[in-house]
2 protein chains.
Amino acid sequence: MNIMKKTNSDPTPVYYKLQKILQNEIERGRWSPGEKISPERSLAELHRVSINTVKKAILNLVHEGYLYRIQGKGTFVAGTTLRSESLRYYRLLSDFKDDEAHLKVKLLELKIIKCFRPANHYLDLDLNEDLYEIKRIFSSSENPIVYTISYLPQKMFENLSEYPITLFEKTTLYEALEKNYGLPTIYNHELFGAVKADAETAKKLEIPKGTALQFIEMISFTYRDRPYEYRRSYCNSDQRKIFREI
Amino acid sequence: MNIMKKTNSDPTPVYYKLQKILQNEIERGRWSPGEKISPERSLAELHRVSINTVKKAILNLVHEGYLYRIQGKGTFVAGTTLRSESLRYYRLLSDFKDDEAHLKVKLLELKIIKCFRPANHYLDLDLNEDLYEIKRIFSSSENPIVYTISYLPQKMFENLSEYPITLFEKTTLYEALEKNYGLPTIYNHELFGAVKADAETAKKLEIPKGTALQFIEMISFTYRDRPYEYRRSYCNSDQRKIFREI
DNA sequence: GCTCATTTGTTCGTATGTATC
DNA sequence: TGATACATACGAACAAATGAG
């Protein structure tokens, strides 16, 4: 009996079953981001359904960000849905003029440390597991604006330390991780707060200790709600504000 | 000649034309939020197109948040897309426990003032126009957490001062404005920063002057990208963080 | 520049199922 | 129960974009 058929005992629509089958295959990495999936007609034949049913399943996955389509070329697996580095996603405003800054990234440090609270909680790890700690400074015309510390589970990113520095300075972290480990970023959580600069942060940002700083904690998730990065950012929002849209 | 027809000189798809016609009617207030629009069949007949074409137009508007559908009942105009008060949309976290606070709102002041910089810029007004200024405190178990000052164009909200206090304390501002003025909130812009508490804010939040505060500026937009509220919020993020998802 | 096969995009018609009142 | 309205599913035809030859 055809598992695709809608029956009384299983009223799930056919298009929805197909949609979930495809979603599953994408998440399990049958195709990497950017790769072309089978054309509509093949899928229709394979699963013995109409082309319009395949269309509906695929279009839903396009809406959910799993796929994108190009007329005449095909249907492709989408990569990272967040198109740019989170820190660039926030536009920096100086005063009220929309003077968008071009940020330069500098890698300060990359080492392996033991997991700690609350990173273990956010990254769903045990306290005895290893983490990469990546410290970076984002500057605008020689002025340090943002100091970030990223934590990545060591077991998810083997050999990360052996990649060239440029991996962390030329491309965004998102692109780098997607390209080298096939992990697209599906969504982020963020925690916002205000703190006064401690000694280390003040030194890195070249500001007086005690300055009010915008503090952003971010947790990035890939498929299946799996967290893969915990990041702390300290932004010198003096004279600047951080902009975003809901 | 039928304007709906797709021709060589106008290759715009029929479903898209219909979609834009409907979007326009919604934005111009032909139906209020919650009201039922014409059924598929009628629209198909009226515009001389197939039901499937109408479906496509409508489903796109559903995806964009203009409409929602209930099988067997009809298709309805969606109201505010931001489902809850922005300040409640942010979950407050104390430390790392997900202790979601229930916030109580208190109206401190409602008066009419002259427009000022930068409100004129954000609300697209002249400097000589009038603004409502609404000051509110959000508290969690008697502790003031957030101090907000909202600015609304006087000309968009006639008689606002005559509404009962409960309008600003019982329901969210979004719901109140949608219900009384038929203005749904389509999206928000936000500016984040960190500031040290000035004298007035410190007093309102019952904290020492100079405490690091989370500062959020928000501009709310209704249909056609028309701004209708500029809001400044000062959050005492000491011990708490503000949470959101992208 | 052209043609052709492939692939997605649009539009229609039609039938049947299901939820609401 | 019947009328109304949306949901699912199939089939078919043609348009439009792409890439190969």
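Letters A, B, ... mirror the listed sequences (proteins, then strands); counts begin at 1. The analysis underlying the following values was restricted to heavy atoms, covering all of them including side chains, and did not include hydrogens, waters or symmetry mates.
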With sequence neighbours left out, the residues meeting side chain to side chain contact (heavy atoms under 4.5 Å, CB included) with B:Glu25 are B:Ile21, B:Leu22, B:Arg30, B:Trp31
Mind checking ring pair (Phe, Tyr, Trp, His ring centres under 6.0 Å) for A:Phe76 and listing every partner two or more places apart, or none if nothing turns up?
-> A:Tyr68
Identify, residue by residue, the members of residues 50-59 of chain B with a heavy atom below 4.0 Å from DNA chain C, and return them in order of residue number, or none.
-> B:Ser50, B:Asn52, B:Thr53, B:Lys56
What's the [atom1]-[atom2] distance between [X] and [N], to the nearest Å?
| X | N | atom1 | atom2 | value |
| --- | --- | --- | --- | --- |
| B:Glu40 | C:dT20 | CD | P | 16 Å |
| B:Ile37 | D:dA5 | CD1 | P | 12 Å |
| A:Arg69 | C:dT6 | CZ | P | 18 Å |
| B:Tyr15 | C:dC12 | OH | P | 13 Å |
| B:Arg48 | C:dT11 | CZ | C1' | 17 Å |
| B:Leu46 | D:dA5 | CG | P | 15 Å |
| A:Asn60 | D:dT8 | CG | P | 9 Å |
| B:Phe76 | D:dA5 | CZ | P | 11 Å |

Below 4.0 Å: OP1/OP2 of C:dT8 and any side-chain N or O of A:Thr75 = yes
Are any protein N/O atoms closer than 3.5 Å to N/O atoms in nucleotides 17-21 of chain D? If there are, list each pair with its distance.
unit_1: D:dG19; atom_1: OP1; unit_2: A:Lys73; atom_2: NZ; d: 3.1

Sorted by chain and number, sequence neighbours left out, salt bridge (charged side-chain N to carboxylate O under 4.0 Å, His left out) with B:Lys56 holds for none
Considering residues at least two apart in sequence or located in another chain, which fulfil the salt bridge (charged side-chain N to carboxylate O under 4.0 Å, His left out) criterion with A:Glu27?
-> A:Arg224
side-chain hydrogen bond (donor to acceptor under 3.5 Å, both in side chains) contacts in which one or both residues fall within residues 154-165 of chain B, not counting sequence neighbours = B:Glu129-B:Lys155
Under 3.5 Å side-chain donor-acceptor pair for B:Tyr187 and B:Asp225 | yes
Judged by nearest nucleotide, the residue sitting upstream toward the 5' end of DNA chain D, A:Arg41 or A:Tyr16, is A:Tyr16
Side chain to side chain donor-acceptor pair (under 3.5 Å) with B:Tyr132: which residues, sequence neighbours excluded?
-> none
By side chain to side chain donor-acceptor pair (under 3.5 Å), A:Glu45 pairs with (sequence neighbours left out) none
Any donor-acceptor pair under 3.5 Å from B:Thr222 side chain to B:Pro184 backbone = yes
